[in-house]
Number of protein chains: 2
Amino acid sequence: MSTSERLIESTRELLWERGYVGTSPKAIQQRAGAGQGSMYHHFTGKPDLALAAIRRTAEEMRAKAEEQFSGPGTVLERISAYLLRERDVLRGCPVGRLTQDPDVVADPALRAPVDETFAWLRARLAALLAEGRERGEFAAALDPDATASTVVAVLQGGYVLARAADSSEPFHRAVEGVLGLLRQQHAR
Amino acid sequence: MSTSERLIESTRELLWERGYVGTSPKAIQQRAGAGQGSMYHHFTGKPDLALAAIRRTAEEMRAKAEEQFSGPGTVLERISAYLLRERDVLRGCPVGRLTQDPDVVADPALRAPVDETFAWLRARLAALLAEGRERGEFAAALDPDATASTVVAVLQGGYVLARAADSSEPFHRAVEGVLGLLRQQHAR
DNA sequence: GTCTATACAGGGATAGAC
DNA sequence: GTCTATCCCTGTATAGAC
């Protein structure tokens, strides 16, 4: 792996673990096994490197979600597969955590990939839910847009609850809860 | 207001805005209009002051939630009142944001108030939901514990989506979505 | 491309005067 | 109780040699 690759990967890890404010160029260099000179040769500075890292993480997150969304089964089955997918719950969401970083949110360039990721997720889930409703899988009263946001929020909030409790239990509860509510829509 | 009071209040604001890592003693002192000496006279250091601030914020959050929970109306009405309460959405949750602070989560003393707050919230909502089910407000199939976690997660995740989009819209969508799902439980 | 040297502000705290 | 001085480390970079 090239030095610039290693720098990006190290930055991705550190942003996930410690956020933007908590990640120093020095820490990045050490983890990547690169010197100062290398880093400032390949990137103009911390924001530039962070941007590359955030873009890649966002892209990866969308790709992984799409795997479940375009998988086999009914809409409810695909949404369940997405929600129940193996996740490193206590580490939280590498994209969602950035929303708590004032320096990320304040910089339009850094916030953009985060914004786009959640916008895409919500739209994709809304389309799925609308398709399910069309097929009679869900009650006509179900609001696809609102419910899509709810589903994404349950995941993001589930991570928060898990980290607060230092246990993945509340995350799984929250997912179970929203799936139960969706199933009731189904069973009517 | 006493100096020590002002230090705590300034810390609360800064923790909310910038998190633990992003908040320096110097910034706290400046906002409080206090010198270094004052701060280190009243508190042993940054963690000590943060603990006082976090405790107070957590307490306040529980008190505000309890206002809605013990208010008038059916269970669904009280939960709706809680979810629809006026909130400063783009600022996020002052307690939930701490879960993204590695230094807070790593320190049992700092994490404790955060943990207790969400544990209390989930238990309180679960009790309400169980009461509603008992009264026939909700389907017998509703799982109070899981649904309680879902409701709390929707709020916490709603904040994440709002900050990502730099708009309170996704927050309100997510709330609307979960309320819709709860109402369907009701209308059956 | 990578290294080392250098710079300078800020973080976080202690010491001692008042 | 509060103030100022001082301390050492880290953050974030720039400069220039190799």
Side-chain angles (χ1 to χ4, degrees), chain A residues 1-56 97-98 100-111, chain B residues 1-56 97-98 100-111:
Chain A
M1 195 161 43
S2 72
T3 298
S4 117
E5 258 327 279
R6 289 203 319 278
L7 283 165
I8 294 179
E9 288 305 313
S10 301
T11 305
R12 296 217 299 150
E13 292 172 18
L14 283 164
L15 285 181
W16 195 356
E17 291 168 21
R18 310 205 30 91
Y20 185 84
V21 215
T23 296
S24 70
K26 183 172 303 188
I28 294 171
Q29 294 150 22
Q30 285 175 348
R31 187 170 298 210
Q36 304 237 42
S38 282
M39 178 180 142
Y40 287 101
H41 171 74
H42 292 287
F43 301 92
T44 69
K46 177 175 160 176
D48 186 33
L49 181 45
L51 181 58
I54 291 174
R55 279 194 177 137
R56 186 172 298 183
R97 81 108 50 243
L98 299 170
Q100 302 305 324
D101 245 303
D103 293 0
V104 169
V105 172
D107 182 337
L110 293 180
R111 188 174 61 78
Chain B
M1 197 156 48
S2 72
T3 299
S4 116
E5 258 327 279
R6 289 201 319 278
L7 284 165
I8 294 179
E9 289 303 314
S10 300
T11 305
R12 297 217 297 151
E13 291 172 19
L14 284 164
L15 284 181
W16 195 356
E17 291 167 21
R18 308 205 33 91
Y20 185 83
V21 214
T23 296
S24 70
K26 185 171 300 190
I28 294 171
Q29 293 151 22
Q30 284 175 348
R31 187 169 299 209
Q36 303 238 46
S38 281
M39 179 181 141
Y40 286 102
H41 171 75
H42 292 288
F43 301 92
T44 68
K46 177 175 158 174
D48 187 33
L49 181 45
L51 182 57
I54 292 174
R55 280 194 175 138
R56 186 171 298 181
R97 80 113 43 247
L98 298 170
Q100 302 304 324
D101 245 303
D103 293 1
V104 169
V105 173
D107 182 337
L110 292 180
R111 188 175 60 80

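A, B, ... follow the sequence lines: proteins, then strands. Residue 1 opens every chain. Just so you know, these numbers come straight off a predicted model, no measurement behind them.
- Applying the side chain to side chain donor-acceptor pair (under 3.5 Å) rule to B:R12 yields the partners B:E9, B:T57, B:E60; only residues at least two apart in sequence or on another chain are considered.
- Shortest non-hydrogen contact noted between B:L7 and B:M39 is CD1-CA, 3.8 Å.
- Under the rule for a side chain to side chain donor-acceptor pair (under 3.5 Å), A:R55 has no partner lying at least two apart in sequence or in another chain.
- For the contact set between residues 23-43 of chain B and DNA chain D, defined by any heavy atom under 4.0 Å, the members are B:G35, B:G37, B:S38, B:H41, B:H42.
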Atom pairs and distances, donor-acceptor, side-chain atoms in residues 20-27 of chain A, under 3.5 Å, two or more places apart:
residue, atom, partner, partner atom, Å
A:T23, OG1, A:L14, O, 3.2
A:T23, OG1, A:G19, O, 2.6
A:S24, OG, A:A27, N, 3.1

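- Put simply, chain B comes within 4.0 Å of DNA chain D, heavy atom to any atom, from D:dG1 to D:dT4, going 5' to 3'.
- Residues meeting the side chain to side chain donor-acceptor pair (under 3.5 Å) test with B:Q29, sequence neighbours left out: none.
- In this structure, B:D48 has no salt bridge (charged side-chain N to carboxylate O under 4.0 Å, His left out) partners at least two apart in sequence or on a different chain.
- Evaluation of the salt bridge (Lys or Arg N to Asp or Glu O under 4.0 Å) test over residues 34-45 of chain B, restricted to residues two or more places apart or in two chains, returns none.
- In this structure, A:Q36 has no side chain to side chain donor-acceptor pair (under 3.5 Å) partners at least two apart in sequence or on a different chain.
- DNA chain C is contacted by no residue of residues 7-16 of chain A, taking any non-hydrogen atom closer than 4.0 Å.
- Under the rule for a salt bridge (charged side-chain N to carboxylate O under 4.0 Å, His left out), B:R6 has no partner lying at least two apart in sequence or in another chain.
- Taking B:A52 as the reference, B:I8, B:F43 meet the side chain to side chain contact (heavy atoms under 4.5 Å, CB included) condition, with sequence neighbours excluded.
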